[in-house]
Each structure stands twice: as structure tokens, then as C-alpha cells.
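Please read the structure below before turning to the comments.
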Amino acid sequence: MKVKNICCIGAGYVGGPTMAVIAKKCPEIKVTVVDINQARIAAWNDEDVNNIPVYEPGLGEIVAESRGRNLFFSTDVDGAIDEADMIFISVNTPTKTYGEGKGQAADLKWIELCARQIARVAKGDKIVVEKSTLPVRTASTLKDILEHTGNGPHFQILSNPEFLAEGTAVQDLLEPDRVLIGGSQDEGGQKAIQELVNIYAHWVPKEKILTTNVWSSELSKLTANAYLAQRVSSINSLSELCEHTEADINEVAKAIGTDSRIGPKFLKASVGFGGSCFQKDILNLVYISRTYGLHEVADYWEQVILMNDHQKRRFAKKIIRTLYNTVSGKKISFLGWAFKKDTNDTRESAAIYVADYLLNEQSYIAVFDPKVKSEQVFMDLDRLNTRNPEENRKYVKTETDPYKACEGSHAVAVLTEWDEFTGYDWQRIYDSMLKPAHVFDGRNLLDKDKLKSIGFQVHVIGSSD
Ligand SMILES: NC(=O)c1ccc[n+]([C@@H]2O[C@H](COP(=O)([O-])OP(=O)(O)OC[C@H]3O[C@@H](n4cnc5c(N)ncnc54)[C@H](O)[C@@H]3O)[C@@H](O)[C@H]2O)c1
Ligand SMILES: O=c1ccn([C@@H]2O[C@H](COP(=O)(O)OP(=O)(O)O[C@H]3O[C@H](CO)[C@@H](O)[C@H](O)[C@H]3O)[C@@H](O)[C@H]2O)c(=O)[nH]1
């Protein structure tokens with residue numbers, strides 16, 4: 001079989017960019033991305049590529065190049081499944097919010113729905129690719145469903161986890177550190193692996209395409225995220241020690257990062273990691289370990305999450321403590337709401353939890369983020385169910401002008417490391433604030449000495465004030 005038609009179920013942060021790059025690099029393959037969310041598909045099809053639903057530097061151009069040629073976005077899931085030789089499943093796999101495993105296990109109901117739909121519609125043999133992040137051994141569940149509910153065709157199941165990071169998705173997809181493909185070790189499995197290798201080989205050097213058994217591939221994705229998040233929690237734990245000892249976390253990070261065994265990346269102390277993946281995937285790892293009775297393993301990884309929760313909480317507490325132990329009725333300005341720069345994604349962003357903590361203390365919050373829409377900020381807060389939506393709207397205001405957001409406030413808190421924050425007219429911000437004017441830099445982003453010379457009281461993660 002030579003793959004001519006690809007279908008991807010799920011037009012989200014992974015499905016959209018991944019398929020846009022495959023379509024760009026494999027013009028002879030027709031790629032159709034489908035989703036049940038009509039508004040999302042309409043946005044992907046918007047004539048103005050500035051309106052596509054995922055903000056990623058460079059993505060608009062890539063979509064514009066292939067869309068309508070060999071890249072299509074559609075709500076006709078059945079049609080695209082029927083036509084495809086290879087089907088990527090790229091739907092969401094969030095943490096379960098109900099029942100057994102609530103708060104830890106991955107909710108696989110959308111994955112199962114996809115499998116049942118593929119089985120119902122497929123008339124010919126197909127390769128089904130797990131692109132979503134899944135618990136180890138999910139491939140056997142998929143196989144079971146496909147074989148028991150299908151109409152006779154054969155299915156090969158591959159695991160091909162995605163390692164792109166948001167904000168750099170296009171770059172990560174064009175030049176990945178590696179592509180990982182897991183499949184069954186029999187002849188059919190090996191042939192299927194080769195089909196997928198051939199697709200990536202259009203632009204990824206062969207030595208960067210790793211093939212493994214399907215379980216190693218599934219587990220490697222959870223493991224990679226656990227290791228990355230662990231580094232952030234490790235440096236964050238030490239940032240607190242720095243604040244008590246006059247050591248400086250940036251200097252410590254540099255000193256240890258130059259050891260080639262440790263390496264310099266992912267050593268940036270922050271207000272806490274966010275994003276849709278780290279917490280969800282570690283919780284999933286913890287849950288899986290517990291289901292095998294491996295409690296020491298589970299406890300070990302759970303600590304990464306506990307430390308992250310602590311980091312977010314202690315940032316909020318520091319604001320309260322510094323503002324004379326009360327923020328009630330005071331205005332605090334948030335620069336940034338996204339979980340990192342260069343994305344409009346706010347899932348699990350530290351900003352949400354810091355805001356929630358401050359709102360419990362009855363502070364007013366003004367939010368400015370260059371890419372996050374106002375309704376998203378309120379959706380994020382409402383979803384926590386800490387207070388009613390009217391109260392969130394009474395205490396939180398969103399602004400489209402950063403200077404307006406900072407006007408009349410007691411403190412500015414930097415929650416996201418957007419580059420543009422460093423270029424602001426900080427004297428103007430200082431002049432418009434109440435005094436003493438505080439800056440809480442949750443990203444170690446701003447020039448501390450410059451701010452101090454203007455007159456700000458500056459509080460930085462990982463260094464004593
Ligand atoms: N966001 C990332 O940076 C990232 C990176 C690597 C891996 N992942 C993993 O990739 C998967 C997808 O993540 P995402 O961020 O793209 O999620 P997302 O929520 O942005 O997108 C998922 C899409 O799937 C659609 N969907 C759900 N069920 C469907 C069905 N039955 N039929 C058709 N469409 C359906 C939803 O409507 C949604 O648009 C997750 O497992 C995630 O852990 C995410
Ligand atoms: O030194 C660091 C590095 C990151 N972060 C924070 O950690 C979070 C996650 O950042 P990053 O990993 O860059 O973004 P994600 O898009 O969440 O990407 C992660 O999660 C994806 C989804 O599984 C994986 O595909 C990627 O490989 C993995 O990096 C963000 O809040 C960052 O601000 C820090 O605080 N300090």
C-alpha cells in the first residue's frame with residue numbers, strides 16, 4: 001500500500017499544525033482534518049489565515065500554502081474516514097473529571113468514540129495512528145474495539161506521539177529532534193511502520209525516525225513530559241531556597257546547566273508550569289503506576305505536581321504578604337494570561353490559579369494578554385467553580401491596552417514571558433500606579449535594576465529582594 005489519503009480526527013493544537021506540515025511536505029498526499037466542532041472547522045477554513053483557531057508563529061503561511069490544494073478541513077468525519085488509507089487520531093485526552101480515576105486518569109471516551117466510528121465506517125484495510133497522548137497499552141483497547149465492531153477490514157495500530165511544544169510548533173514539526181513510531185513486531189506491523197516512516201522521510205532525516213514496539217512508544221511520550229516537567233519543578237523548588245539564602249536562581253541554573261550531563265534547557269524558574277500536557281500526563285503516569293500497585297513510583301512523580309501547585313500558591317501569597325497582608329479592594333495588574341509566550345492557549349496556565357487565589361482575598365484584577373481573548377479569561381475562571389460568574393466579572397477586567405491595565409494599580413504581576421513586556425515604557429507605567437509600586441516578575445523577564453532605578457519595588461522568582 002502507498003498512502004494517498006490521510007484523515008486526521010481532531011483539528012486542535014496538534015491535529016491542525018501537524019497535518020498542515022505533512023500536507024506541505026507531501027503534496028502528493030491528500031490530507032483531510034476533521035472535527036465535530038463546526039466553529040473550529042469554520043475558523044480553519046477562514047479566508048483570512050489570521051483567524052485560524054490556533055495561534056502559532058508561521059502556521060498561517062503553511063496553511064495558506066496547502067489549504068484547498070491537498071489540505072482540507074471538514075466536519076464530514078465519516079467521509080474522510082472512508083476515503084483514508086491512514087487515520088490519525090488526534091482528539092483530546094484530558095484528565096477525567098468524574099468516576100473512577102477522577103482527577104488523575106486520562107479520559108479516553110473521545111478516543112473510544114473515534115475507534116467505534118472508524119470500525120463502523122471503514123470498508124477497506126486501514127492504518128490507525130495514535131497521535132493523541134495515551135496511557136501505555138491503549139493500542140490493545142483500540143485493536144479490541146476495531147476488531148470486534150468492524151465489518152471485516154484489517155487494522156494496524158501505530159503509536160506516533162507528538163512532541164511539539166506550543167509557540168514553537170511549526171519549527172518543532174519542520175525540524176523535530178526525533179519522530180517516534182511504535183508498532184507491532186509482526187510482518188503487518190512492520191509494513192505499517194514503514195508506511196509512516198515513508199511519510200516523515202519526506203523531510204526528516206532517517207536517523208531521527210525512531211521505531212519501537214508500540215508500548216515503548218506510548219510510554220515514552222508520558223515519560224518525556226514527566227522528565228521535562230520534573231526539571232521545571234526541580235528548579236522551582238530551588239528558587240524558593242534562593243529567596244532565603246541570597247543565592248540567585250539564574251546564576252545557579254547557568255552554573256549547573258553548563259555541565260553537559262545536565263544541559264541548559266528547561267532550567268528557567270517560573271511561577272509554575274502550565275499547558276494542557278504536563279500536569280495531565282504526569283497525573284496519568286501516577287494513576288497508571290498506582291493501578292499496577294507501584295506506589296513508590298507514583299509518589300515519586302506526584303511530587304512534581306505538588307511542587308508546581310506550591311509554586312503557584314506561593315507566588316500569590318507573596319503578593320498578598322508584600323501588600324501589607326491584604327489585597328482586598330486593591331487592583332493588581334496581570335501581564336500575561338497564556339501558559340507561555342507565543343500561544344493563545346491558556347489551559348492550566350499558572351495565571352488562572354494565581355488569579356483565583358487573589359480573588360479569594362477580594363482583590364481586583366486587570367488582565368492584559370497580547371493573544372488571549374477576554375471571553376477565554378472568564379471561561380477559565382468560571383470553570384474553577386470557586387465563585388459565581390457574576391463575581392468573576394465584577395472583580396476581573398480584561399484590557400486590550402497594557403498601560404490601561406496597569407493604571408491605578410498597586411502591583412503588576414508578570415505571568416507570561418511575552419517578549420513585548422520588556423519593551424514597555426516602564427516609567428509611564430510607574431507614573432500611573434499607586435505608590436509604593438510593586439512588580440512581581442513570575443518569569444524573571446524584566447530588567448530588575450532598571451525597574452528599581454525608576455522606583456519600583458521588584459520581586460523576582462528565585463532571588464532575594
Ligand atoms: N497541545 C499540545 O501541545 C500537544 C502536544 C503533543 C501532544 N498533545 C496531545 O494531543 C492530543 C490532542 O491535543 P490538542 O491540544 O490538539 O487538543 P484540542 O482539544 O486542541 O483538540 C482536540 C480536538 O478533537 C476534537 N474531537 C474530539 N472528539 C472528536 C470526535 N469523536 N470526532 C472528531 N473530533 C473530535 C475536538 O472537538 C477538538 O477540536 C491530546 O492527547 C494531547 O495530550 C498535545
Ligand atoms: O524552563 C522552563 C521551561 C518551561 N516552563 C513552563 O513549562 C510549561 C510547558 O512549556 P513547554 O514544554 O515549552 O510547552 P508545551 O506546549 O506544554 O510542551 C510540552 O508538552 C507538549 C504536550 O505533550 C509536548 O509535546 C512538548 O514536548 C512539551 O515540551 C510552560 O508553562 C512554560 O512556561 C518553565 O517554567 N520553565
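Each residue takes its place number in the sequence, starting with 1. Any value given below was found using the heavy atoms of this structure, including those in side chains, with hydrogens, waters and symmetry copies removed. What you see is a predicted model, and the numbers here were worked out from it, not measured in a lab. Order of appearance sets the numbers: ligands from 1, and atoms from 1 within every ligand.
Residue I9 has at least one heavy-atom neighbour below 4.0 Å for each of these atoms of ligand 1: 32 (N), 33 (C), 34 (N). The W110 neighbourhood of ligand 1 comprises atoms 27 (C), 28 (N), with distances under 4.0 Å to a heavy atom of that residue. Per-residue contacts place K221 under 4.0 angstrom from the following atoms of ligand 1 (heavy atoms of the residue considered): 6 (C). Close contacts of ligand 1 with S276, meaning ligand atoms under 4.0 Å from a residue heavy atom, involve 1 (N). Annotation for ligand 1: atoms under 4.0 Å from non-hydrogen atoms of E162 are 6 (C), 7 (C). Close approach of ligand 1 to K280 is summarised as follows: ligand atoms under 4.0 Å from at least one heavy atom of the residue are 42 (C), 43 (O). Interface atoms of ligand 1 facing C277, defined by a heavy-atom separation under 4.0 Å, are 2 (C), 4 (C), 44 (C). Proximity to E166 (heavy-atom distance under 4.0 Å) selects the following atoms of ligand 1: 1 (N), 2 (C), 3 (O).
Contacts of D281 with ligand 1, taken as heavy-atom pairs under 4.0 Å, are absent altogether. When non-hydrogen atoms are compared, ligand 1 lies under 4.0 Å from neither the backbone nor the side chain of Q117. Looking at A165 against ligand 1, nothing comes within 4.0 Å, counting heavy atoms.
Looking only at protein heavy atoms, the nearest one to atom 5 (C) of ligand 1 is V14 CG2, 3.5 Å. Considering only non-hydrogen protein atoms, atom 41 (O) of ligand 1 sits nearest to T93 OG1, 2.6 Å. Taking atom 18 (P) of ligand 1 as the reference point, the nearest protein heavy-atom neighbour is R40 NH1, 3.6 Å. In terms of protein heavy-atom proximity, atom 9 (C) of ligand 1 is nearest to T133 OG1, 3.4 Å. For atom 25 (C) of ligand 1, the closest heavy atom belonging to the protein is D35 OD2, 3.2 Å. In this structure, atom 31 (N) of ligand 1 lies nearest to the protein heavy atom C114 SG, 3.8 Å. Ranking the protein heavy atoms by distance from atom 11 (C) of ligand 1 puts V91 O, 3.3 Å first. Among all non-hydrogen protein atoms, the one lying nearest atom 34 (N) of ligand 1 is I36 N, 3.4 Å.
With sequence neighbours left out, R137 forms a salt bridge (charged side-chain N to carboxylate O under 4.0 Å, His left out) with no residue at all. Scanning for salt bridge (charged side-chain N to carboxylate O under 4.0 Å, His left out) contacts around D82 gives K123, with sequence neighbours left out. By the ring pair (Phe, Tyr, Trp, His ring centres under 6.0 Å) test, Y200 is found to be paired with W203, residues two or more places apart in sequence or in another chain being considered.
Considering Y13, W44, F163 only, the shortest heavy-atom separation from atom 14 (P) of ligand 1 involves Y13.
Under the 3.5 Å distance criterion, with hydrogens and angles disregarded, a donor-acceptor pair is assigned to the side chains of K448 and S463. Using a 3.5 Å distance cut-off with no hydrogens or angles, the side chains of E56 and Y13 do not pair a donor with an acceptor. No side-chain N or O of Y287 forms a donor-acceptor pair with one of E302 less than 3.5 Å apart.
The closest approach between any non-hydrogen atom of R347 and ligand 1 is below 4.0 Å.
D356 has no carboxylate O lying under 4.0 Å from a charged side-chain N of R313, or vice versa, which leaves the two without a salt bridge. Ion pairing between a basic and an acidic side chain is recognised when a charged N comes within 4.0 Å of a carboxylate O; E243 and R314 show such pairing. Of the charged side-chain nitrogens involved, none lies within less than 4.0 Å of a carboxylate oxygen, so that D380 and R347 do not count as a salt-bridged pair.
Remark: K126 is not positioned above the aromatic ring of F155, lacking an NZ or CZ atom under 6.0 angstrom from the ring centre and at most 45 degrees off the axis. Note that K131 lies outside the cation-pi zone of F88, set by a 6.0 Å cut-off to the ring centre and a 45° limit from the axis.
The two residues G12 and D35 come nearest to each other via the heavy atoms N-OD2, 4.4 Å.
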Applying salt bridge (charged side-chain N to carboxylate O under 4.0 Å, His left out) to E417 and K341, what does each step give before you reach the verdict? CA-CA 5 Å; E417 73 282 23; K341 73 171 179 178; over 6 Å; no
List the steps and the verdict of side-chain contact (heavy atoms from CB on, under 4.5 Å) for R443 and L415. CA-CA 7 Å; R443 295 290 183 167; L415 275 306; 5.8 Å; no
Audit row: L158, V214, side-chain contact (heavy atoms from CB on, under 4.5 Å) steps and yes/no: CA-CA 7 Å; L158 300 179; V214 71; over 6 Å; no
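Counted within 6.0 Å of NZ on K317, heavy atoms from surrounding residues, nucleotides or ligands total 12 or fewer; the atom is thus considered open.
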May I have every N or O pair linking ligand 2 to the protein at under 3.5 Å, one per line with atom names and distance?
unit_1   : atom_1 : unit_2 : atom_2 : d
ligand 2 : 1 (O)  : L267   : N      : 3.4
ligand 2 : 1 (O)  : K268   : N      : 2.9
ligand 2 : 13 (O) : K340   : NZ     : 2.8
ligand 2 : 14 (O) : K340   : NZ     : 3.3
ligand 2 : 16 (O) : E166   : N      : 2.8
ligand 2 : 23 (O) : K221   : NZ     : 2.9
ligand 2 : 23 (O) : N225   : ND2    : 2.8
ligand 2 : 25 (O) : E162   : O      : 3.3
ligand 2 : 25 (O) : F163   : O      : 3.3
ligand 2 : 25 (O) : L164   : O      : 2.7
ligand 2 : 25 (O) : K221   : NZ     : 2.8
ligand 2 : 27 (O) : F163   : O      : 2.7
ligand 2 : 31 (O) : G274   : N      : 2.9
ligand 2 : 31 (O) : F339   : O      : 2.8
ligand 2 : 33 (O) : R443   : NH1    : 2.7
ligand 2 : 35 (O) : S270   : OG     : 2.6
ligand 2 : 36 (N) : K268   : O      : 2.8

